[in-house]
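One structure is given here, and the rest of the page talks about it.
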Amino acid sequence: AARQAEFDRLIAQDQRIEPRDWMPEGYRKTLIRQIAQHAHSEIIGMQPEGNWITRAPSLRRKAILIAKVQDEAGHGLYLYSAAETLGVDREDLLDQLHTGRQKYSSIFNYPTLSWADMGAIGWLVDGAAIMNQVPLCRCSYGPYGRAMVRVCKEESFHQRQGFEILHTLSHGSPAQHEMAQDAVNRFWWPSLMMFGPPDESSAHTVQSAAWGIKRFSNDELRQRFVDMCVDQARILGLRLPDPDLTWNEQRQHYDFGPIDWSELNRVIRGDGPCNADRMARRVGAHTDGAWVREAASAYAAKHADRSVVAA
Amino acid sequence: AARQAEFDRLIAQDQRIEPRDWMPEGYRKTLIRQIAQHAHSEIIGMQPEGNWITRAPSLRRKAILIAKVQDEAGHGLYLYSAAETLGVDREDLLDQLHTGRQKYSSIFNYPTLSWADMGAIGWLVDGAAIMNQVPLCRCSYGPYGRAMVRVCKEESFHQRQGFEILHTLSHGSPAQHEMAQDAVNRFWWPSLMMFGPPDESSAHTVQSAAWGIKRFSNDELRQRFVDMCVDQARILGLRLPDPDLTWNEQRQHYDFGPIDWSELNRVIRGDGPCNADRMARRVGAHTDGAWVREAASAYAAKHADRSVVAA
Amino acid sequence: ADALARYVIGLGDDALVLSHRLAEWITRAPQLEEDMALANISLDLLGQARTLLTYAGQVQGQGRSEDDLAYLRSEREFTNVQLVEIPNGDFAVTIARQLIFSAYQFELYSALAGAPDATLAALAAKAVKEVDYHRDHAAQWTLRLGDGTELSHARMQAALEATWPYVEELFDPAEIADDLLALPGIAVDPGTLRGGWSDYLRPVLAQATLTEPQPIRRSRGGRRGLHTEHLGHLLADMQSLHRAHPGVRW
Amino acid sequence: ADALARYVIGLGDDALVLSHRLAEWITRAPQLEEDMALANISLDLLGQARTLLTYAGQVQGQGRSEDDLAYLRSEREFTNVQLVEIPNGDFAVTIARQLIFSAYQFELYSALAGAPDATLAALAAKAVKEVDYHRDHAAQWTLRLGDGTELSHARMQAALEATWPYVEELFDPAEIADDLLALPGIAVDPGTLRGGWSDYLRPVLAQATLTEPQPIRRSRGGRRGLHTEHLGHLLADMQSLHRAHPGVRW
């Protein structure tokens with residue numbers, strides 16, 4: 001009870017909970033679930049962009065894209081590390097991903113069908129991710145908050161790169177412009193879904209807010225995102241594919257059309273365009289690499305033995 | 001001895017030996033070796049051209065190329081059947097190929113590096129093959145001779161197609177012309193080597209000639225091939241890469257430069273550019289397909305059992 | 001004319017892309033007879049694709065040849081169903097894909113053979129005989145693999161599970177709603193083909209001791225240019241040489 | 001100038017093609033750390049390629065950019081050594097290829113760092129530090145795989161056997177005889193690099209309990225544009241998008 005009181009005090013004062021601090025089991029579980037899902041999203045998220053590395057249309061763009069996907073692997077790594085401070089290990093979390101017991105962001109179940117998708121993912125998907133993640137930098141759990149600071153910094157760099165890809169395409173040849181518009185058409189609605197279900201049907205929001213994990217509601221963040229994108233789309237010279245998008249003087253926000261939540265639910269359920277391919281690639285890489293990881297362990301064990309013998 | 005006399009009589013009268021006829025062991029072995037090597041060459045020979053099927057530059061050319069490679073599989077099949085009339089089976093012969101105990105024509109150890117190679121292989125490689133094979137249509141062993149009639153007919157069709165590919169390229173854009181010339185440069189000398197070592201060092205020639213298996217010497221066929229190609233190269237508008245190539249009024253043949261036999265020996269020994277890749281593909285396909293062949297056998301066995309039970 | 005060209009291109013792309021996938025098997029098949037059989041099916045489909053794309057080019061009336069359509073469109077402009085573009089996988093996946101597709105194409109061509117469009121009808125009447133062989137070839141292998149060894153049974157069942165998510169797209173009229181509207185009596189309502197397709201497949205699967213997977217509402221949209229990520233790589237290879245030398249003759 | 005450009009393009013192509021192969025591993029590596037490490041090496045090599053190809057374009061003086069050279073040359077115009085174009089194979093093959101190549105490149109760049117060509121010398125001085133890391137990374141994995149499990153030992157040994165045929169090409173002065181003649185003091189005689197290369201490799205292989213394969217005189221000729229059949233498919237994928245949209249900015 002004293003420990004609970006101390007925890008509550010830290011949360012109330014907006015101070016950080018650290019790994020060695022006591023925490024309620026629900027808090028720990030919520031964090032593990034959220035951080036793991038976030039980590040999984042980073043590594044599955046490497047695939048849609050990885051799909052265009054070998055075809056990047058200039059060496060400069062190729063270098064930027066490889067570096068970006070590499071950053072995502074890095075984000076995955078430090079998010080798994082943050083989760084490990086809560087007493088789980090990466091191997092278990094990966095196992096939960098591979099067996100479908102933990103999820104990753106549904107946005108990565110859409111295919112990348114043209115180079116412009118590299119732009120749309122940077123601009124819209126990373127843009128939405130940042131919108132979601134910036135508040136997490138102040139998350140009550142220290143290691144997660146600090147990981148998010150680094151992640152957000154790199155993500156906002158990625159978002160600018162995505163914007164620049166689209167800008168170049170939009171102002172390039174007619175075929176390039178069309179490619180850019182098509183990518184935005186395909187990624188706009190899925191990006192809006194990245195903020196999760198509407199507030200009235202979001203299960204975790206209230207408790208997470210009380211624990212200082214979540215600081216804004218899904219709908220608040222979604223609105224902020226829409227407002228930002230409308231302005232940027234104008235600069236890009238691209239249309240957002242929503243006829244209902246209009247400025248609401250009273251709300252001082254853009255109104256937007258209804259979201260097809262049945263689509264999101266279908267994709268979450270596993271029937272998105274790429275769910276099966278994403279999992280096949282991930283599980284395949286893990287399975288094919290087992291002998292390599294085993295070799296590394298065996299070598300390390302032998303090596304450790306020898307040092308012991310020598311000592 | 002009576003059987004030997006009858007065999008000798010048939011050979012002397014240029015009549016055909018058939019599977020049920022008695023034949024000397026050496027004759028049988030020579031034929032098995034030669035027919036098997038020929039069959040192996042057909043199926044390994046599918047690979048260099050197979051390499052360009054997915055990239056054929058027009059749908060018409062793609063259809064022609066698939067049909068050609070398919071013909072080669074067909075040639076392989078009926079040559080294996082001809083060998084089987086001598087009391088071996090295909091599975092054993094394939095095993096000898098896969099373990100390197102039987103060879104295939106060294107020409108297929110060169111890579112196909114451009115589309116023009118499809119032309120050069122048709123014109124030069126199939127051209128040399130025909131030159132070698134037409135006399136085999138009169139081979140003393142019936143099943144082999146008859147198989148060769150069919151093979152030669154299709155090969156000469158392939159040769160014309162190859163010629164046509166080169167002709168189109170040679171009279172196309174400068175890049176296409178250069179592609180054609182480059183292909184001829186690379187395939188000319190290896191094609192001359194397809195006729196085997198010079199007569200003075202050819203081990204099998206004398207006995208094979210006596211048996212009515214071989215009807216012209218390596219050097220005779222090679223000369224005939226050179227004479228034919230010089231004329232055709234002129235029509236193609238392409239150079240043959242041999243500065244010594246000149247008409248010899250006295251011999252009524254073209255003289256040509258010395259052949260680098262050390263190169264041929266190296267490639268036969270296994271150090272050609274593609275030996276390892278060719279074998280890896282062949283053995284890989286066979287190994288990967290084992291479960292399919294086993295399923296077919298198991299199904300056939302069940303099915304046969306059932307018919308027996310039913311009867 | 002636009003609608004007709006669009007409809008015909010979709011059918012042509014189906015044939016072209018599956019022909020390409022089958023051609024990838026050549027020199028890799030489990031036995032020589034299959035190198036030949038798969039090449040043969042590939043050639044039939046390529047022939048169909050050539051007729052269809054040539055016809056589409058004529059209907060468009062802008063002088064585009066079969067090669068212009070095959071080699072100079074992007075991934076988003078191809079309108080084949082997704083089923084035909086998925087990678088070959090093991091032999092069982094290739095057979096499952098072929099069984100599903102050829103049985104579908106058989107029903108489709110049978111219907112088109114009576115269509116008022118003379119060109120389509122003539123093509124379909126000729127092609128349906130080829131497709132009958134393709135379907136039979138796939139069915140024979142389905143039996144052998146399904147009722148062969150324990151391993152082959154497991155792989156064939158897994159292959160059905162892997163390919164089944166692409167079935168719904170074939171029969172959903174919504175996928176070609178515009179064509180159905182614009183080409184009454186010409187474009188075949190794919191929903192009407194499902195009965196015949198099932199009637200063919202079910203006994204084959206049953207005899208092969210295989211279980212028909214549950215229908216799955218996976219992704220679709222191939223007819224609208226929405227594809228798996230596999231098609232782009234296939235086209236990159238297929239179009240590479242043609243695109244590297246614009247405007248020449250081959 | 002022609003000779004210098006040709007020499008520099010060969011070095012640039014080595015880096016470009018191997019960078020591409022390593023990038024193919026991304027999302028397929030045995031563990032996340034290796035996704036990152038292989039991406040890192042890929043990026044270093046890509047950076048070197050860009051510097052080298054840009055320099056070659058300047059030396060040629062015909063206004064060709066790094067992208068013109070990377071995306072608009074055919075397979076016969078690429079002059080990388082064959083080692084870098086062979087497929088990734090399993091992780092052991094990738095490591096063997098990297099060990100052989102990085103140890104070679106380390107010696108080469110060390111020599112070039114003292115070359116009279118200021119641009120090459122500056123590039124080499126910077127890049128040799130990157131390559132030192134690549135070499136070490138490959139050596140560490142060679143130890144782990146060679147001296148890890150029985151399976152990994154077998155695979156690592158097999159990987160050495162599979163890659164060794166491509167070693168001789170690296171060190172044969174005849175392969176770049178024209179460059180050596182035309183660029184005395186600039187082009188490095190590759191024969192002189194073999195000693196240092198062996199001195200680095202042998203102890204690694206010994207410690208990893210691996211056997212150095214016999215030297216094999218396999219095919220060569222990458223520097224003259226003679227390649228394995230694998231390079232063409234790599235370039236088809238790599239150049240597809242760039243070639244589909246001639247002359248635009250990206």
Side-chain angles (χ1 to χ4, degrees), chain A residues 39 42-44 46-63 65-67 69-74 76-77 80 90 94 114-115 165 168-169 171-173 175-176 179 278 281-282 284-303, chain D residues 16 19-20 22-40 42-43 46-47 49-50 53-54 65-67 69-71 90-92 95 140-141 143-153 155-156 208 234 237-245 247-250:
Chain A
E42 293 285 353
I43 63 170
I44 298 290
M46 296 164 68
Q47 290 186 33
E49 289 168 299
N51 182 40
W52 282 86
I53 287 176
T54 58
R55 292 174 288 176
S58 74
L59 297 185
R60 176 174 155 262
R61 290 291 179 198
K62 187 172 178 171
L65 185 59
I66 293 174
V69 177
Q70 191 190 26
D71 282 348
E72 288 159 2
L77 269 183
Y80 285 122
R90 199 215 300 185
L94 282 175
S114 83
W115 170 253
I165 287 175
T168 305
L169 293 175
H171 298 83
S173 71
Q176 286 177 307
M179 197 189 280
R278 300 291 181 239
R281 168 74 62 84
R282 178 89 275 282
H286 196 73
T287 309
D288 292 349
W291 70 277
V292 175
R293 295 190 304 276
E294 281 156 21
S297 305
Y299 179 82
K302 282 188 208 177
H303 205 72
Chain D
L16 180 62
S19 165
H20 191 96
L22 292 171
E24 291 174 349
W25 268 106
I26 298 171
T27 73
R28 292 178 175 89
Q31 57 192 32
L32 220 39
E33 287 82 352
E34 281 310 299
D35 277 308
M36 293 185 70
L38 297 173
N40 203 39
S42 173
L43 272 175
L46 184 54
R50 295 181 62 190
L53 294 180
T54 300
S65 70
E66 58 179 29
D67 287 338
L69 287 169
Y71 291 99
D90 66 13
F91 190 68
I95 290 300
Q140 294 304 323
W141 272 111
L143 292 177
R144 288 191 201 108
L145 297 181
D147 193 21
T149 63
E150 208 173 317
L151 176 64
S152 73
H153 177 85
R155 289 193 174 166
M156 191 65 217
L234 181 154
D237 202 47
M238 180 173 117
Q239 299 179 336
S240 57
L241 177 60
H242 187 95
R243 286 198 189 261
H245 298 265
V248 305
R249 279 201 333 118
W250 296 100

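Sequence lines set the chain letters: A, B, ... in the order given, protein chains first and strands last, and positions in each chain run from 1.
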For A49(D), which atoms come within 4.5 Å of any heavy atom of chain A: side chain, backbone, both, or neither? neither
Side chain from CB out, backbone as N, CA, C, O: work out which of these in V292(A) comes under 4.5 Å of a heavy atom of chain D, or both, or neither. both
Atom group of D237(D) that falls short of 4.5 Å from chain A, counting heavy atoms: both
Begin from the C-alpha positions of F91(D) and D288(A) and carry the test side-chain contact (heavy atoms from CB on, under 4.5 Å) through to its verdict. CA-CA 9 Å; F91(D) 190 68; D288(A) 292 349; over 6 Å; no
Using non-hydrogen atoms only, which part of A70(D) is less than 4.5 Å away from chain A: side chain, backbone, both, or neither? side chain
Note, Y299(A) side chain near L143(D) side chain (heavy atom, < 4.5 Å): yes
Heavy-atom pairs under 4.5 Å with chain D, option from A300(A), G289(A), A295(A), A298(A) with the top count: A295(A)
With a 4.5 angstrom heavy-atom cut-off, could you sort out which part of R61(A) is near chain D: side chain, backbone, both or neither? side chain
I need the Q31(D) CD to H286(A) NE2 distance, nearest 0.5 Å. 9.5 Å
Any W250(D) side-chain heavy atom under 4.5 Å of L169(A) side chain: yes
Which one of I43(A), T54(A), I53(A) has the most heavy-atom pairs closer than 4.5 Å to chain D? T54(A)
Please report the shortest heavy-atom distance between A63(A) and L43(D), naming the atom on each side. O-CD2, 3.4 Å
If I measure from the heavy atoms of chain A, does R155(D) come under 4.5 Å with its side chain, its backbone, both, or neither? side chain
Measure from the side-chain N and O atoms of R281(A) to the backbone N and O of T27(D), and report whether any donor-acceptor pair falls under 3.5 Å. no
Could you look at L234(D) and say if it's the side chain, the backbone, both or neither that has a heavy atom under 4.5 Å from chain A? neither
Do you know the tightest heavy-atom contact between L46(D) and L59(A)? CD2-O, 4.0 Å
Taking all non-hydrogen atoms of both residues, which atom of A23(D) and which atom of I66(A) are closest, and how far apart? CB-CD1, 4.1 Å
Evaluate the side-chain proximity of R249(D) to Q176(A): yes if any heavy-atom separation is below 4.5 Å, no if none is. no
Name the region of W25(D), side chain, backbone, both or neither, that has any atom closer than 4.5 Å to a heavy atom of chain A. neither
With rounding to the nearest 0.5 angstrom, report the CZ to CZ distance, R293(A) to R144(D). 13.5 Å
Counting heavy-atom pairs under 4.5 angstrom with chain D, the leader among H171(A), Q47(A), E72(A), K62(A) is K62(A)
Heavy atoms of A73(A) and M36(D) approach each other most closely as CB-CG, 3.5 Å
Taking all non-hydrogen atoms of both residues, which atom of D67(D) and which atom of S58(A) are closest, and how far apart? OD2-CB, 3.1 Å
Heavy-atom pair with the smallest gap, counting every atom of K302(A) and G148(D): NZ-O, 3.1 Å
What's the separation between atom CD1 in I26(D) and atom CE in M46(A), rounded to the nearest 0.5 Å? 6.5 Å
Cationic N near anionic O, under 4.0 Å, R90(A) to E33(D): yes
Can you measure from CH2 (W52(A)) to CG (L241(D)) and round to the nearest 0.5 angstrom? 5.5 Å
Using a 4.5 angstrom heavy-atom cutoff, name the option from D90(D), N40(D), L38(D), L16(D) with the most pairs to chain A. N40(D)
Relative to chain D, which of A56(A), S114(A), G172(A), G50(A) shows the most heavy atom pairs under 4.5 Å? A56(A)
